[in-house]
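Throughout, numbering of the chain's residues begins at 1 and tracks the sequence.
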Amino acid sequence: MMTDAEILTELTGIAREIFKSDPMDKSRKQNVILARNAICYAARFRYKMTLREIGKHFGKNHATIINAVNKHDIDYKYVNNYNLYRDWE
């Protein structure tokens, strides 16, 4: 069984390949944010990680992770380029 850190590291690597950006970057560019939000969503709902665990990985607080998870749902529905990334889900 993988640890939380290993899961997040693996998700980060996958997101780097799919979104062609580094989700650990502090940038607010769209691809970086989409990648970060997707990782937070997958970690929260697929791997049942706590907000605190996810936030620790990114150096963010739990409120930021809640926002990222909620934003992922909106991005999935309304961001035009997001159709390219749907296979990752």
Side-chain angles (χ1 to χ4, degrees):
M1 184 155 181
M2 294 174 67
T3 66
D4 293 339
E6 291 171 337
I7 290 169
L8 286 167
T9 301
E10 184 176 321
L11 289 173
T12 301
I14 293 168
R16 276 190 183 113
E17 291 176 27
I18 293 173
F19 292 94
K20 306 294 186 229
S21 62
D22 182 9
M24 300 304 290
D25 191 5
K26 300 282 186 207
S27 172
R28 294 209 256 161
K29 291 182 180 178
Q30 186 177 25
N31 278 357
V32 174
I33 292 171
L34 289 174
R36 193 178 309 132
N37 292 354
I39 291 168
C40 292
Y41 184 88
R44 180 72 173 146
F45 293 110
R46 187 171 284 182
Y47 294 101
K48 308 296 184 212
M49 294 176 65
T50 67
L51 299 170
R52 176 176 258 163
E53 292 165 338
I54 301 165
K56 187 176 178 182
H57 179 72
F58 288 107
K60 309 279 185 194
N61 66 31
H62 74 282
T64 304
I65 304 305
I66 291 171
N67 184 55
V69 169
N70 292 338
K71 187 82 169 83
H72 171 78
D73 290 333
I74 294 167
D75 293 340
Y76 191 80
K77 290 178 186 175
Y78 298 111
V79 173
N80 292 334
N81 295 343
Y82 211 86
N83 292 331
L84 301 172
Y85 313 124
R86 289 183 188 223
D87 292 337
W88 187 46
E89 295 289 336

Any link between [X] and [Y] through a network of hydrophobic side chains (Ile, Leu, Val, Met, Phe, Trp, Tyr) touching at under 4.5 Å?
{"X": "Ile7", "Y": "Val69", "answer": "yes"}
{"X": "Phe45", "Y": "Phe58", "answer": "yes"}
{"X": "Leu11", "Y": "Leu51", "answer": "yes"}

Hey, could you give me the [atom1]/[atom2] distance between [X] and [Y], rounded to the nearest 0.5 Å?
{"X": "Cys40", "Y": "Ile65", "atom1": "SG", "atom2": "CD1", "result": "4.0 Å"}
{"X": "Lys20", "Y": "Asn31", "atom1": "NZ", "atom2": "CG", "result": "10.0 Å"}
{"X": "Ile39", "Y": "Thr9", "atom1": "CD1", "atom2": "OG1", "result": "9.5 Å"}
{"X": "Arg52", "Y": "Asn61", "atom1": "CZ", "atom2": "CG", "result": "10.5 Å"}
{"X": "His62", "Y": "Glu53", "atom1": "NE2", "atom2": "CD", "result": "14.0 Å"}
{"X": "Asp73", "Y": "Tyr78", "atom1": "CG", "atom2": "OH", "result": "10.5 Å"}

Please check: side-chain N/O of Arg36 versus main-chain N/O of Met24, any donor-acceptor pairing under 3.5 Å?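 No, the answer is negative, given that no donor and acceptor are paired below the 3.5 Å cut-off.
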With a 4.5 Å limit on heavy-atom distance, are the side chains of Lys56 and Asp4 in contact? no
Find out whether Met49 and Leu8 are in side-chain contact, i.e. whether some heavy atom of one side chain is under 4.5 Å from a heavy atom of the other. yes
Would you tell me whether Thr64 and Asn67 have side-chain atoms, one donor and one acceptor, within less than 3.5 Å of each other? no
Which heavy-atom pair separates [X] from [Y] by the least distance, and what is that distance?
{"X": "His72", "Y": "Ala38", "answer": "ND1-CA, 3.7 Å"}
{"X": "Asn37", "Y": "Ala68", "answer": "OD1-CB, 3.2 Å"}
{"X": "Thr12", "Y": "Pro23", "answer": "CG2-CG, 3.8 Å"}

